[in-house]
Amino acid sequence: MTDSIRATQGYFSQFGGAFVPEVLQRTFDELNLAFETARNDPEFWRSYVQLMGTYSCRPTPITYAENLSRHFGGAQIYIKREDLNHTGAHKANNVMGQGLLVKRMGKRRVIAETGAGQHGVATATMAAKFGFECTIYMGEVDVARQRPNVFWMERLGAKVVPVREGSRTLKDAINEAFRDWVSNMDDTHYVLGTACGPHPFPEMVTYFQSIIGQEARRQIVEIAGKLPDRVYACVGGGSNAMGLFSGFLSDKEVELVGVEAGGKGVTTHEHAARIASKHGSIGVAQGYKTYFLQNQDGQMNETHSVAAGLDYVGISPILAHLHHTGRVRFEAATDAEVVEALKLVVRKEGLIPALESSHAFARAFVEAPNMPVTSSILINQSGRGDKDIFTVADALHDPDWVEFIKKKAEAYRA
Amino acid sequence: MTDSIRATQGYFSQFGGAFVPEVLQRTFDELNLAFETARNDPEFWRSYVQLMGTYSCRPTPITYAENLSRHFGGAQIYIKREDLNHTGAHKANNVMGQGLLVKRMGKRRVIAETGAGQHGVATATMAAKFGFECTIYMGEVDVARQRPNVFWMERLGAKVVPVREGSRTLKDAINEAFRDWVSNMDDTHYVLGTACGPHPFPEMVTYFQSIIGQEARRQIVEIAGKLPDRVYACVGGGSNAMGLFSGFLSDKEVELVGVEAGGKGVTTHEHAARIASKHGSIGVAQGYKTYFLQNQDGQMNETHSVAAGLDYVGISPILAHLHHTGRVRFEAATDAEVVEALKLVVRKEGLIPALESSHAFARAFVEAPNMPVTSSILINQSGRGDKDIFTVADALHDPDWVEFIKKKAEAYRA
Amino acid sequence: MLETIIRAKLAERAPLLMTHIVIGYPDFDTSLALIDAMVESGVDLIELQIPFSEPIADGPVILHANQVALEKGSTVDRCFEFAEHVSRKYAVPFLFMTYYNILFRQGVRSFVERARKAGLKGMIVPDLPPEEASEYEAAMAEVGLDPVYIFAPTTSPERMQKLAAHAKGFVYCVARKGVTGSSTDFSDELSSYLARARAATKLPLAVGFGVKRKQDVDFLQAHAEIAVVGSETLRVLEQEGIARVGPFLRGLRA
Amino acid sequence: MLETIIRAKLAERAPLLMTHIVIGYPDFDTSLALIDAMVESGVDLIELQIPFSEPIADGPVILHANQVALEKGSTVDRCFEFAEHVSRKYAVPFLFMTYYNILFRQGVRSFVERARKAGLKGMIVPDLPPEEASEYEAAMAEVGLDPVYIFAPTTSPERMQKLAAHAKGFVYCVARKGVTGSSTDFSDELSSYLARARAATKLPLAVGFGVKRKQDVDFLQAHAEIAVVGSETLRVLEQEGIARVGPFLRGLRA
Ligand SMILES: Cc1ncc(COP(=O)(O)O)c(C=O)c1O
Ligand SMILES: Cc1ncc(COP(=O)(O)O)c(C=O)c1O
């Protein structure tokens with residue numbers, strides 16, 4: 001991966017750090033050592049690429065969106081297809097990588113938090129493949145809106161624990177995972193799902209996800225003949241964004257755009273835009289320092305997004321840093337814009353982006369029309385939308401779907 | 001593709017032919033010509049491979065199933081990952097290929113039948129990408145059991161027509177598609193979804209699906225260092241089987257095993273085993289001659305399978321031929337065996353095969369334990385099981401799922 | 001000999017009228033009553049369709065009739081009994097109309113043999129082009145039954161020539177694309193198509209698909225020898241009752 | 001100066017007892033009543049936890065208390081008022097316990113300043129290791145408050161040395177892995193860990209996490225200066241009522 005993404009004493013300028021209870025200090029020392037050793041061993045990255053090439057279908061392709069490009073009449077639109085990963089999202093990259101690390105560390109159990117359920121499914125999948133025991137913490141709210149993923153996690157042999165504390169979403173699942181970890185760190189590794197949390201997680205997750213950017217840079221130059229003018233990625237914790245951006249960080253002419261969850265609008269308080277709204281401020285929680293959606297006392301606010309995977313109070317300290325340096329521009333897309341973008345992508349290209357990924361599309365669609373046809377943009381389709389069928393069906397008020405569910409329920413009652 | 005798979009006057013020994021109404025004769029002449037011309041143009045296959053490499057993620061990998069191999073202690077098990085295709089199944093290969101052909105023929109509308117819904121989604125996806133109008137015929141029974149696919153087809157802009165005639169499954173959808181075609185052949189192409197139907201469909205679909213076998217032979221030799229002893233594929237109409245088998249046809253030492261839907265058992269009449277049961281006999285229907293499940297009068301029987309995609313009365317004439325020559329061995333797997341196999345694959349390897357594909361696994365699991373550890377087998381995971389969540393959840397009687405559906409329904413009622 | 005019979009009838013009136021039933025729909029008694037009404041109405045030829053579970057060339061009306069007939073137990077044996085009964089009872093020539101699998105399963109040779117014994121004069125098999133028909137044609141020739149072939153608007157002159165060479169009795173011209181039962185506009189397009197057909201064969205031409213009204217029949221007078229009324233009879237039966245079938249048929253040539 | 005106070009008290013009795021409340025849980029009145037009961041029961045030190053929405057080091061009981069307190073409006077300002085009120089009212093030394101973000105948002109310097117003005121003696125910040133604490137330590141030293149640090153069973157002797165170098169007042173030894181509120185077995189393992197702790201620092205040792213019964217306190221007498229009772233007090237309050245809290249606390253050293 002590009003060495004530009006290395007923390008100095010766990011920090012990216014003022015962001016990051018490792019604010020962890022004393023009981024976990026040794027675990028983090030071990031993790032830092034294991035990660036460093038692995039990273040310095042070229043064989044490790046090779047084995048990672050090899051695993052992703054045989055178990056998932058890396059390199060994932062870049063698809064030229066001919067119809068969308070024509071539709072908007074502006075920039076040529078290219079899409080990085082992380083949705084084609086095994087388990088349907090970029091989450092697989094990070095999880096499989098950490099799986100290899102867990103094997104090296106000789107631990108036998110993994111735990112993880114999950115929002116959309118994508119990271120939970122990916123972790124449960126990795127655990128099944130590597131033969132690890134697995135417990136997934138998932139906010140009760142998310143368990144409800146992402147049931148299909150819960151169903152598969154259980155089939156995969158994972159124990160799914162609904163978290164009933166706090167706002168019962170991603171951040172609370174993370175807290176619960178930490179509580180499990182401080183009790184079981186000896187045989188357990190916490191597979192954090194995004195580029196957040198205490199050092200070395202932001203850097204480590206970015207390291208594994210950087211496979212996206214490495215492939216994408218090579219591919220786009222090959223296909224489009226030049227670097228893209230802008231690169232778009234949705235930003236929950238920041239892992240798919242960092243993964244793709246990392247491939248273009250040193251290409252100053254490429255503008256990097258991170259799209260946060262605008263929810264019901266960044267002027268309301270029902271969103272998850274930590275940087276793209278006026279409501280975010282620097283704080284320290286869940287073990288690291290970054291922008292959070294919090295009140296003056298430092299209590300975390302509830303967040304909202306139609307996309308469970310973006311519904312999170314914090315953001316990668318690396319992205320907070322890149323925001324300060326001005327390297328990454330942050331925007332927000334509202335739930336409504338996102339659903340419209342998703343419908344358009346499905347209809348025009350036959351692709352079904354996850355609601356999370358649709359945020360990147362929504363913003364790109366605002367900007368592309370105003371760019372010359374000679375310019376090009378790259379959008380990260382971080383995952384596929386199949387998992388969102390319940391949410392999307394509701395958002396579109398599909399009557400047949402409603403009928404179908406009612407019939408199903410009656411059949412079950414009978 | 002291997003030239004061994006070419007019909008002589010539309011026939012493979014006594015199987016195949018083109019029993020089509022006079023009104024379609026000209027359309028078939030045109031189709032034969034277009035296909036022949038395309039096949040003889042090396043540029044065509046290149047453009048096909050290129051499309052599948054950028055829009056889907058071909059070549060799809062072969063995954064070594066280390067845990068399953070250990071679990072059974074017999075043959076080394078390798079899996080061809082067609083589930084990683086865009087839209088989640090091998091159906092994409094055939095559909096995208098025919099899409100390129102439709103463009104060549106200058107038609108503007110496509111129609112298709114669908115059973116599991118996979119072919120319907122694939123066709124609707126292709127239509128969205130190529131900008132064709134699209135109508136999908138789907139048996140009413142299948143519309144009910146594969147609702148999620150119907151939902152996405154509609155989002156993709158396709159008109160989904162539930163077929164209420166006959167047994168209201170795949171074969172009736174095919175009849176309806178033909179009825180549409182005989183009225184609209186001038187601007188419409190019928191994208192048949194499997195290696196059945198009148199010549200040249202069996203040969204044409206096999207031609208496009210042969211990309212599976214071409215990749216697989218190269219990959220397995222590379223990974224395992226030698227050819228597999230046996231190759232397994234589930235058989236509905238026969239396209240994924242022919243696609244994979246075609247790569248090994250001339251390797252006489254490789255045994256090819258086609259697995260049909262055993263339903264509630266081949267001794268009952270609730271199955272879809274045209275060759276692996278005693279109930280099949282040669283006949284002519286839906287425009288071609290092959291083994292059908294029919295009564296003494298020649299009326300088609302109702303079939304049954306937990307997998308909608310295998311629930312079909314006919315079988316590829318090419319497979320009927322390969323059955324007669326003894327090149328392919330046919331077996332059946334029951335619904336119960338299939339659900340067990342699916343659970344095991346999910347738990348052991350973190351892979352979720354479609355119920356259709358699970359038939360191939362189920363049979364392989366019967367045979368693998370009795371093979372030496374030095375031997376190896378290749379199983380075609382023709383698609384992913386996400387689409388089957390309703391069926392699988394029912395088969396496993398998952399109480400949480402039932403609760404979830406009931407809650408959803410109540411919410412809708414409110 | 002179908003052709004001879006047709007030519008003889010044509011000496012008296014033109015165009016001739018061919019009607020159609022699905023054996024056993026809505027039940028055998030009604031099928032019988034339909035035949036009675038047709039004969040009484042002076043119909044010249046009658047198609048007896050043996051139901052098939054996959055009638056791809058038929059539209060909703062006849063498709064439905066096929067299914068009901070099968071549910072009502074219209075087996076191939078009972079269809080033969082029925083055919084034999086009516087052909088004994090009436091002088092009007094009867095033809096079998098069915099799909100190839102029905103013949104194939106019985107064994108083409110023995111099916112054709114039985115058909116001749118049952119007194120039929122010819123057969124129409126819409127999913128059996130001459131390319132696939134050698135066994136069928138041989139058997140038909142041997143027992144002296146006429147294989148009727150079909151022209152479509154999409155059929156090229158060359159192919160018409162070829163089909164004509166295989167056809168006996170008459171040629172069945174489907175008036176338009178599509179399946180049975182939907183409507184046709186009887187236009188110049190149709191006339192020029194029928195002119196091509198006429199040029200391709202000396203055999204009498206029967207025109208079917210969408211013949212509904214007297215005007216349709218009148219229009220055909222100039223272009224063909226036989227007007228074929230199929231689905232419309234079923235429609236009258238279903239919507240107006242058996243009693244109206246006779247009057248409807250008589251009205252077509254009144 | 002916390003250490004001096006502790007040493008003085010130790011001259012009278014050992015081990016000392018440190019208790020804990022979450023300010024504003026279940027409400028401010030009860031919080032006050034709890035303090036009264038604790039003081040009446042002769043408790044030697046009291047932790048006042050300012051609630052935080054993400055208390056990762058706390059278990060279910062205190063986690064719940066944090067949330068309820070926040071819902072009940074336990075803002076940082078009201079927590080300061082409360083702390084000032086009780087530290088004026090009682091001689092017993094009070095410490096703040098909270099997570100770093102609470103300090104960080106107020107501005108570490110001004111938070112510490114306010115704490116001193118409110119009469120607190122020290123602070124425990126479980127998610128603030130010395131590596132991240134330079135600003136905090138500077139401010140604490142400047143205003144003369146003691147930063148209490150934590151030892152865990154997983155802490156190496158070397159790290160204990162390091163922590164000890166940063167710690168003032170006393171060292172808080174968490175008795176086991178895990179979060180607050182689950183039970184601990186007071187075993188040899190614990191003694192040897194406390195022996196390591198003892199060897200690493202001259203500061204008094206406080207032992208918390210899972211201290212529930214008199215036996216636990218008795219066990220600790222030999223190994224530490226201060227027994228810390230946290231969640232158990234809340235359990236008694238919730239299950240037996242405020243009236244039983246005093247008796248429970250007195251029973252621990254009776
Ligand atoms: C498909 C998809 N995209 C994006 C995200 C957001 O996470 P991150 O910002 O770490 O990529 C998620 C999280 O679950 C996801 O499932
Ligand atoms: C995943 C999958 N596998 C297999 C089949 C069976 O079709 P075929 O035998 O043509 O491969 C289907 C049909 O829908 C399918 O969806």
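Naming: A, B, ... by sequence-line order, numbering from 1 per chain.
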Practice problem: Heavy atoms only: give me the nearest Leu63(C)-Glu176(B) pair and the separation to one decimal. | Solution: CD2-OE2, 3.9 Å
Practice problem: Output the option from Thr155(C), Asn66(C), Leu128(C), Ile50(C) having the highest count of non-hydrogen pairs under 4.5 Å with chain B. | Solution: Thr155(C)
Exercise. Give, as side chain, backbone, both or neither, the part of Leu103(C) having an atom under 4.5 angstrom from any heavy atom of chain B.
Key: neither
Quiz prompt | pair Tyr172(C)-Glu22(B): side-chain heavy atoms closer than 4.5 Å | solution = no
Quiz item: Are the side chains of Arg176(C) and Val23(B) in touch, meaning some heavy atoms are under 4.5 Å apart?
Solution: no
Quiz item: Backbone N or O of Ala57(C) within a donor-acceptor pair of the Arg179(B) side chain at under 3.5 Å?
Solution: no
Quiz item: Under a 4.5 Å cut-off applied to non-hydrogen side-chain atoms, are Pro21(B) and Ile56(C) in contact?
Solution: yes
Quiz item: Using a cut-off of under 4.5 Å for heavy-atom pairs, which of Pro51(C), Ser156(C), Pro129(C), Ala133(C) has the most such pairs with chain B?
Solution: Pro129(C)
Quiz prompt | Verdict with reasoning, Arg105(C) to Asn295(B), per side-chain contact (heavy atoms from CB on, under 4.5 Å) | solution = CA-CA 9 Å; Arg105(C) 275 294 275 172; Asn295(B) 66 19; 5.9 Å; no
Quiz item: Between Asp29(B) and Arg159(C), is there a salt bridge with N-O shorter than 4.0 Å?
Solution: no
Practice problem: Let me know if Glu54(C) has heavy atoms under 4.5 Å from chain B in its side chain, its backbone, both or neither. | Solution: both
Practice problem: Determine the option with the most heavy-atom pairs under 4.5 angstrom with chain C, choosing from Lys289(B), Glu165(B), Gln9(B). | Solution: Glu165(B)
Quiz item: Taking Asp186(B), Leu24(B), Asp172(B) one by one, which has the highest count of heavy-atom pairs under 4.5 Å against chain C?
Solution: Asp186(B)
Self-check item: Distance, nearest 0.5 Å, that separates CZ of Phe52(C) from CD of Gln294(B)
Solution: 7.5 Å
Exercise. Determine yes or no for a side-chain-to-main-chain donor-acceptor pair under 3.5 angstrom, with Thr154(C) supplying the side chain and Arg26(B) the backbone.
Key: no
Quiz item: Is there side-chain contact between Val76(C) and Gln296(B), with at least one heavy-atom pair below 4.5 Å?
Solution: no
Exercise. Tell me, out of Gly287(B), Ala285(B), Gly10(B), Gly166(B), who's got the most heavy-atom pairs with chain C below 4.5 Å.
Key: Gly166(B)
Practice problem: Sort and list the pairs that fulfil ring pair (Phe, Tyr, Trp, His ring centres under 6.0 Å) and have at least one residue in residues 188-208 of chain C, not counting sequence neighbours. | Solution: none
Quiz item: Can you pull out the residues in residues 187-200 of chain B with any heavy atom less than 4.5 Å from chain C?
Solution: none
Self-check item: Heavy-atom contact with chain C under 4.5 Å, split by part of Phe292(B)
Solution: neither
Quiz prompt | Taking every non-hydrogen atom, the tightest pair across Phe19(B) and Asp127(C) | solution = CB-O, 3.2 Å
Self-check item: side chain to side chain contact (heavy atoms under 4.5 Å, CB included) partners of Thr135(B), counting only residues at least two apart
Solution: Arg109(B), Ile111(B), Tyr137(B), Lys159(B), Val161(B)
Self-check item: When Ile174(B), Ile282(B), Asn184(B) are compared by non-hydrogen pairs under 4.5 Å with chain C, the top option
Solution: Ile282(B)
Self-check item: Pair Asn101(C)-Gln299(B), side-chain contact (heavy atoms from CB on, under 4.5 Å): steps then yes or no
Solution: CA-CA 8 Å; Asn101(C) 200 45; Gln299(B) 310 296 356; over 6 Å; no
Quiz item: Looking at Asp180(B), Asp297(B), Thr27(B), which makes the most heavy-atom pairs under 4.5 Å with chain C?
Solution: Asp297(B)
Quiz prompt | For chain B, the option from Tyr149(C), Phe151(C), Tyr100(C) that forms the most heavy-atom pairs under 4.5 Å | solution = Tyr100(C)
Exercise. Determine which pairs satisfy side chain to side chain donor-acceptor pair (under 3.5 Å) with at least one residue from residues 194-211 of chain C, sequence neighbours left out, and list them in order.
Key: Arg198(C)-Glu225(C)
Practice problem: Report, as yes or no, whether the 6.0 Å neighbourhood of atom CD on Glu189(C) holds more than 12 heavy atoms from other residues, nucleotides or ligands. | Solution: no
Quiz prompt | Any donor-acceptor N/O pair, Ser53(C) side chain to Met300(B) backbone, under 3.5 Å | solution = yes
Quiz item: Looking at Pro55(C), Pro153(C), Pro60(C), which has the largest count of heavy-atom pairs under 4.5 Å with chain B?
Solution: Pro55(C)
